[in-house]
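These notes are about the structure you will find just below.
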Amino acid sequence: MSTTGFSTFYRRELDVQQLITLLRQGQHFVQDWDVVTHYAEFLKNDVVCPSCGRGGANPVRPALSSKGDRIVRQGHFRFLSTTGDDAHHPFCEFYSGGDTIAPTGETVPLGSDNSSDTAMVRRLVCRGIATHVFDQSNIRHMRQWFFDLKGQSSFRIDVSENDIEWARCLRRHQNYIRQQFDPRHADMPGFDWRQATHHEFTEQYLHLFDLVRDSSHEQSHWKRAAQFASKRQGQITFDRGTLRPFYEATIAVAKFVAKNSGIQWRKGKPDTYRYDNAPPALLALCALCLFIKDWSTNEAIATFARLLNIPDPADQTLGNVLGLNPFHDFDAWRIVRVAKDVSSASGGAKSYAHLLADIEKGLRERYRVWKQQAQI
């Protein structure tokens with residue numbers, strides 16, 4: 001469920017009660033929910049999901065305890081199509097149907113998460129909105145951009161843990177030295193068969209190395225990718241490779257900000273941000289600064305510097321929005337796609353150890369035949 005919705009009329013994100021309060025101004029309604037009944041059609045057309053932008057909003061009352069003395073479930077919005085089905089985008093975190101993966105970690109609830117990093121970013125967002133550096137419609141447009149990008153690169157997960165391991169072995173294989181085998185070289189007393197085998201492997205599987213080149217070296221990313229392959233089999237996700245230039249730009253800005261802002265960010269050191277250690281709220285704000293500046297790192301850093309030097313506004317609720325960190329688990333999900341491409345190009349997963357053993361056996365046989373012929 002979504003506890004907030006984005007009102008295109010009010011141009012901001014609101015929860016159910018905030019929306020009722022605004023609509024009730026100057027009107028005479030006996031009960032709060034009379035407002036919802038009266039404006040039902042307006043709300044369906046005006047309020048969209050803050051995450052995926054789909055309409056069809058239906059406010060749902062808060063649920064009270066049996067004694068009626070406390071709220072046990074917040075008021076929220078359901079987004080339904082004209083046929084009564086879930087209207088959310090299949091990649092939306094609030095989507096409840098189909099076989100797509102409901103993303104986790106991409107949205108950052110700046111209004112409800114009280115960690116020190118998120119609290120600081122919430123203050124900076126308040127400053128930005130109050131002084132028109134950006135507004136909530138920019139955040140909404142960024143989310144839409146992200147969802148459009150997802151839809152253009154979706155694929156079904158059909159790789160196994162063995163496929164992941166095969167791609168990992170290719171990534172770890174040293175392929176930058178090219179040396180073709182010549183049986184005459186093996187006549188040297190100290191000939192290194194292991195190295196010759198690795199060189200021959202490079203020659204035989206050269207076409208695969210470009211596919212794994214931009215994947216992570218980190219073992220933790222490969223382990224997580226294997227978990228995704230196991231648990232998400234048959235589901236639909238999207239290729240994070242389409243986000244690569246935006247991801248690199250966001251990491252660069254986040255590192256610069258962390259090193260130069262004078263703020264003690266709680267999670268990780270700036271130089272480790274590339275390895276999943278960046279504060280999600282910081283990434284979300286850096287991505288927003290980049291988005292409104294057409295992904296220029298220089299302009300985004302200048303925008304962040306401006307936010308740091310603006311006084312806090314009186315209204316601290318302006319930052320109660322759903323931020324977007326589109327790079328959650330970027331490297332692990334990218335590996336899943338890489339493994340799919342590698343598997344397709346190589347006819348399925350291979351056993352790296354068995355291939356090396358077979359190649360060495362073949363090289364030794366070639367040497368034996370050459371040696372035998374040389375003695376004739």
Side-chain angles (χ1 to χ4, degrees), residues 1-63 71 73-98 100 102-103 106-113 122 125-126 128-130 132 134-148 150-151 284 288 291-292 315-324 326:
M1 66 180 185
S2 176
T3 56
T4 62
F6 183 85
S7 169
T8 53
F9 179 78
Y10 291 108
R11 292 176 58 82
R12 54 184 163 133
E13 201 169 314
L14 301 162
D15 63 29
V16 173
Q17 189 56 53
Q18 288 171 330
L19 191 56
I20 289 174
T21 301
L22 289 170
L23 291 171
R24 193 168 186 169
Q25 289 178 358
Q27 305 288 331
H28 299 285
F29 294 99
V30 177
Q31 301 284 341
D32 275 355
W33 217 253
D34 293 340
V35 179
V36 174
T37 304
H38 182 78
Y39 285 104
E41 286 304 312
F42 168 78
L43 294 174
K44 287 179 182 178
N45 294 305
D46 174 67
V47 178
V48 299
C49 171
S51 184
C52 68
R54 296 289 176 86
N58 288 263
V60 178
R61 295 173 183 265
I71 295 175
R73 186 185 66 192
Q74 285 181 277
H76 59 279
F77 293 97
R78 293 177 65 204
F79 292 88
L80 303 174
S81 68
T82 54
T83 59
D85 297 320
D86 190 330
H88 289 290
H89 188 291
F91 285 123
C92 181
E93 65 172 313
F94 303 118
Y95 183 63
S96 59
T100 53
E106 290 174 354
T107 52
V108 182
L110 298 180
S112 59
D113 186 339
R122 183 166 59 242
V125 170
C126 285
I129 292 175
H132 308 292
F134 45 71
D135 58 33
Q136 291 199 18
S137 65
N138 293 131
I139 300 172
R140 167 86 287 283
H141 291 152
M142 182 180 173
R143 293 201 195 103
Q144 192 62 55
W145 162 83
F146 181 46
F147 273 96
D148 290 343
K150 283 182 176 182
L288 176 61
F291 180 76
I292 64 173
D315 186 357
Q316 286 294 302
T317 66
L318 295 174
N320 294 345
V321 297
L322 198 62
L324 173 68

Handout entry: Over 12 foreign heavy atoms within 6.0 Å of CZ, F42
Key =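 Count over threshold, so yes.
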
Practice prompt. For side chain to side chain contact (heavy atoms under 4.5 Å, CB included), just list the numbers for I20 and V36, CA-CA rounded to whole Å, side-chain angles, deciding distance to a tenth of an Å, and then say yes or no.
Written response: CA-CA 7 Å; I20 289 174; V36 174; 3.7 Å; yes

Heavy-atom closest contact ([X] atom, [Y] atom, distance):
| X | Y | value |
| --- | --- | --- |
| F77 | A57 | CD2-CB, 4.2 Å |
| V16 | P59 | CG1-CB, 4.3 Å |
| D46 | S7 | OD2-OG, 2.7 Å |
| R11 | S137 | NH2-OG, 3.1 Å |
| L23 | Y10 | CD2-OH, 3.7 Å |
| F79 | H88 | CD1-CE1, 3.5 Å |

Mind checking the [atom1]-[atom2] spacing from [X] to [Y]? Nearest 0.5 Å is all I need.
| X | Y | atom1 | atom2 | value |
| --- | --- | --- | --- | --- |
| R54 | Y95 | CZ | OH | 9.0 Å |
| D135 | N138 | CG | CG | 4.5 Å |
| N45 | T8 | CG | OG1 | 8.5 Å |
| L288 | I139 | CG | CD1 | 5.5 Å |
| H132 | I129 | NE2 | CD1 | 10.5 Å |
| D15 | H76 | CG | NE2 | 12.5 Å |

Exercise for review: Test I292 against M142 for side chain to side chain contact (heavy atoms under 4.5 Å, CB included), laying out the working first.
Suggested key: CA-CA 9 Å; I292 64 173; M142 182 180 173; over 6 Å; no

For the residue pair L22 and L14, establish whether any side-chain heavy-atom pair is separated by less than 4.5 Å.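 Answer yes - side chains close enough.
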
Can you tell if the side chain of T21 reaches within under 4.5 Å of the side chain of Q18, non-hydrogen atoms only?
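Side chain of T21 against side chain of Q18, heavy atoms only: no contact under 4.5 Å found.
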
>> Does either side chain, that of R140 or that of Q144, offer a donor lying less than 3.5 Å from an acceptor on the other one?
In response: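 Their side chains do contain a donor-acceptor pair, which is all the 3.5 Å distance test asks for.
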
Legend entry - Test ring-ring contact (aromatic ring centres under 6.0 Å, His included) applied to W33 - qualifying residues, sequence neighbours left out: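 So W33 forms no ring-ring contact (aromatic ring centres under 6.0 Å, His included) with any residue.
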
- [ ] Evaluate the side chain to side chain contact (heavy atoms under 4.5 Å, CB included) criterion for residues L19 and V47: first the C-alpha distance (whole Å), next the side-chain angles of each, then the deciding distance (0.1 Å), finally the verdict.
- [x] CA-CA 10 Å; L19 191 56; V47 178; 3.7 Å; yes

Query - Non-neighbouring partners of R78 that pass salt bridge (charged side-chain N to carboxylate O under 4.0 Å, His left out), sequence neighbours left out - result: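 So R78 forms no salt bridge (charged side-chain N to carboxylate O under 4.0 Å, His left out) with any residue.
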
Margin query: Test your reading of the model: is there a side-chain donor-acceptor pair from Q136 to the backbone of E13, 3.5 Å cut-off?
Written below: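 At least one qualifying donor-acceptor pair exists.
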
